[in-house]
Each structure stands twice: as C-alpha cells, then as structure tokens.
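Everything below concerns the one structure shown next.
Just so we're clear, the structure is a prediction, and the values are computed from it rather than from any experiment. Chain letters run A, B, ... following the sequence lines, proteins first, then strands; residues in each count from 1.
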Amino acid sequence: MTAALRVSGLSKSYGSLQALRGMNLEVQPSQIFGVVGPNGAGKTTLFSVISGFLPQDAGEVEIAGKRLSRGAPPPKGSLSILPQDAGFIADLNLGFQLVLYGELQGLGRARAQEEARRVLKLVGLSEVFDRKAKTLSHGMHKRVGIAQAFIGEPSLVILDEPTAGLDPHAAREIRALLRKIQGQRTVIVSSHNLGEVEDLCNEVAILDQGVLVRQDSITGVIGGAQLVVFRLSRPPAEADLAGLRALPFVTDVAWSTEDERLRVAFNADAQPPGPASRDMVCALVDAGVLFVEMKLGKSLEERFLEETRAGG
Amino acid sequence: MLHSQDIWVIARFEVVRHLRSRHAIAAGLLLILFCGFGAYELVQFADKLAELDRDLGPALDMIAGMVEGLTDLPVVGVRGLLRQHPPVLVALFALVMFLMPLLSIILAYDQTATDIETRHVRYLLFRSDRISIFLGKALGAQLIISIAVALVVLIFGVFLAVRTDALEGMKGVAYLGRIWVTAVLYAVPFVALLGLSSALFGRARRSLTVAFLYWFGVATLSGLLSLANEGFEHLRYLFPSVGRFDLLLDDPGDLRGTVLYLVAFTLVAGLLGLWRFRSRDL
C-alpha cells in the first residue's frame, strides 16, 4: 500500500539550531496519526516543511507516492493543514477568504462557495460566513482554521495542535469531528494533550530533539500489559498494599502522590494480563480499598516521558 | 509550476481585499477630494486659456511654464506637445506622472508583507506555488493602481468635459486614455520594487517606510555626490522616478531609452523580489 506520507532523512536548521535531524516517518492512509513531542522537538517544523512553508536543508517528502520538490507545495488538493500560528485577514469576511482557498485548490467559484459553507457547518460555525475575522474569539478562530483544512476534501489533513486554547466543550466537538471522519482520510494530529492523542489516534510518533524516537500503534507504544494503573478512592495505607505485594507475579507496587495513581508492575510471562488484573482487584477489595478506574498497560504520557528527555 | 488561474484568483482577491479595507476607502475618498480640487483648479485654468486663445503667446507661456515647472522636459519639447494636444490635458498628464511614484508606493507597498506578518500566507502556501502567489499579489497591486488612475482620469475628464471645451471632443478623450495607459504601465517598475520591499521586510509598515526612505536616500545621495562628480548622477537610476516625463513625448525615438531602463529596472527588482519570496522561510 502506498503511504499517505513518507518523510526520509529530513533536516532543517535555523542558523545554528537544528530543528530536524534526519527525520524519518511513514504514515499509512486512512488513519488518525498522532505526533507528540516536547516543545522544540520539531513537530511544527516537520509540518512546515511538508506543507512547503519552509524549504528543507536535506531529505525528501512524499505524499501518496509523489515526491515533492524542495520548498514546493504538495499536488493540489492532496494535503491541507491547520498551521499552528496562521491568521486570517482581520478586516475581511471569512466566507470570502474560505472561497479563495477553495478556488486555489482548483474548485470553481460556485463549488468553492458551497465548500466554504459546508466546512463552516462541519465545525458548527455556519453563522460566521459573513463575519469579519477580527470579530471571532480565539476558539472560533481555531475552529475556522480547522474548517479551512477540510475544504475540497483533501486526502491528507495535518492539524497542528487543533484543540490548544479551546474550552472543553469546543475541544470535545473537535475530537468528535475527527472521530466522525476516521477512516475517510488520513489525519495527522499533534497535541500536547497526550490523553487526547491516546484517545483519538491509531498510531503515534514520538519526536524529540528533531528525531523520531518511536513510531508504533498506540497499544504498541503504551507497551503491552506489564503494568496496571489504579485510581483509588483514597490514598492507600502501607498495610492496604500488603496483599498486592504478596502476589507472586507482582514485581513492583508504587503509589504516586503526584498524580494519585497506584502502579502495579508484573511479569506477564508468569501470569497473563487478564488473570493478573483479576487477582490484583481481589487483593485490593480484600484490603477494603475501592478503585474508581483501572487501566491495563502504561499510559501514553508515561511512555512519552520515558522516551523523551523530559523523563530523564 | 506556474498556475495562471491561481495568479488571477489571487489578484482578484487582492483587489476586493483592498477595496473593502477601511484604509483603501479613506485613501479613495482623499483621492477623490484631491482630484475634485485639482479638477476645479484645472477648469479655472482652462477658462483663462480660453479667454486668451491658446494659439497666442501668453496662453502658451502660461501652460508651458506650468508643465516645465513639473517636469524636466526641454522647453522646445513642451511647446511642441502643447501645439499637438489639448494643452490642459498635457498639464494633467504632467501632473499625473508627477504623482505616480507617490501613488504607486501608497497603493503597492503591501503586496506580501501583511500576509507574511500575520502568517496568512500559510493558508495559501500549501494550495499554490510561491511564484503564482507572488505574481498574483503583484498583479493585484497593479490592478488597484489601474483603478486609482482611472478614477483620477475620470474625475478630471468629467470636470473638464462638463465645465469647459478643453477636451476638444474625441481627441481629448483619446488623450485621456493615453494618460491612463501610460501611467498604468509606468507603475509596473514600482510594483516590482515594492514587491521586493514587501518580500524583503515582511512587515507592511516597514515596507512602506523603507520605500520612502529609499526614494529620499537615492535622490539625496545622487544629488549630493553629483556635486563632487557628475558621474554619481547616475545613482538616481536606482529609483524609477527618472525619465518619467519623457513618457509625455510623442516620438517613440525619444521614449526608447526610458522604456528600456524601466523594463530593465522591472526585471531586476521583480526577479530579486521573487527570489526573496521563494527562498525565505514563511
């Protein structure tokens, strides 16, 4: 199958600062793909090079098997992006601006107008078609930015921090929108909200200091069932954990006051994840400790911290 | 790589964007006021000419003095023009060409600058290539200047037609058309220069300030240095206001040098601007 996006050996420097150092990445079609990394990891630079905002110093970008020339835009209609910090023209109607984008994607004027209205409806902002950009709130601005990325139904959509700065309701709507289009096209999402990436994406890439440190399916990255994380109704006493520690397959039990989670590591070879979890639950219940959430495997956040320098 | 459809779409967008902006509306109103006042003065002038009869010496002296004051054309050339064309329109032509550098800078300084500054250009870059975006913005600026010059010529033309006989029928109308075409073509090197300034600085106000400072700097430097050595007078060719009044002349032979210079200036400034826009991080 031809990859929706293939990046190989991509390098980009800003003076002496190397933002990308021989980055390699491959994204398969029709999935929601997450890109995570600490600030300065190179996420926005990567998207900027792919979209033709910045010419790369070295390396190649292929979209749906077509190699892009250095600094050239992708083939018309093949890629769309919500850039992190782009603005609309303040004094101009948004509808007028969206029609321009549609026409530049090769749509006729009438079709571009239809598309402009359709994508505004998609993000729940039909009423802003005739409004000037300067009258929008930050959240609305962001949603119109997302809307423009769906004009002309491109096969690859890149959303650079689509929910950053949105209130919880708006962020939830955007996540619902992404779930709705799941499977219809390839969407690459970057976010600092790792729970969101974990929740939305099929596959994730972890970047750090301009290189890809890990790319795998979400379950692959989270790392199998070697850890069970409990959210308890109250902090446990040391005696409450004695039952857990006594289980022969348990290798470590640790209560974290930082996020108020109990982490129980175990040897999956000695006891498969299903029975191991059941035995742990029994041990907790026997000790009179109630839990409100149980999660098998590590969270993406933990893996992220382990894989990047933030965890060191 | 080049998409002519994109160039046209962007140019049309730029025209509408400018016409809808508050600044453009304010500038347009000022231009109309200025033209109305200028046209009123020109009508008074035409009335005096009519009283004197333009074939008489005093009438020619009066208008020749005005045109010579505005231009650096030789006296003989000005007198010849005044005999060939409606004198009031020759004066209008000189006035329009006198104002063209200022008008062009005001209308064309912000081609890509605001788009770069606000990063709006990022909404365009993955949809079109940089050459088409740059050329579309330049064409948009050129169209805006064309509309502004048309407005100027129209206001003056209507005033003169209604209040005087200075147009002298279709001959005058054709001459007004020539004024418009010449002024619009003369704006091309300015659009190229301001496209370069816009791409170079990526900030609208900075682009405008630098354009004026550059104009002033070139004029001052060439003037001062030429006092020491006449060869430095050629420095004034770094700004395309040189020789613009030659474009009033009828003989193509008199225009050749100026036209070649303006074409060369356009190519150099335009290609430099395009190179900068293509190579810079956006």
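Shortest non-hydrogen contact noted between D129(B) and S132(B) is OD1-OG, 2.6 Å.
Proximity to chain A (any heavy atom under 4.5 Å) is shown, for T114(B), by neither the backbone nor the side chain. For K12(A), the part lying near chain B is the side chain, with the backbone staying farther off; criterion is any non-hydrogen pair under 4.5 Å. Proximity to chain B involves both the backbone and the side chain of S80(A), based on heavy atoms less than 4.5 angstrom apart. Only the side chain of L92(A) comes within less than 4.5 Å of a heavy atom in chain B; its backbone stays farther off.
Under the 6.0 Å distance and 45° angle rule, R20(B) counts as a cation-pi partner of F96(A). Geometrically, R178(B) does not engage F93(B) in a cation-pi contact defined by less than 6.0 Å to the ring centre and at most 45° from the axis.
Between D110(B) and R205(B) there is no salt bridge, since no side-chain N of the basic residue sits under 4.0 Å from a carboxylate O of the acidic one.
Considering only heavy-atom pairs separated by less than 4.5 Å from chain A, the leading option among T118(B), L124(B), D6(B) is D6(B). Of the residues considered (N93(A), I50(A), L79(A), D91(A)), L79(A) shows the highest number of contacts with chain B, using heavy-atom pairs under 4.5 Å.
E103(A) contributes no side-chain N or O that, together with a main-chain N or O of V9(B), makes up a donor-acceptor pair within less than 3.5 Å.
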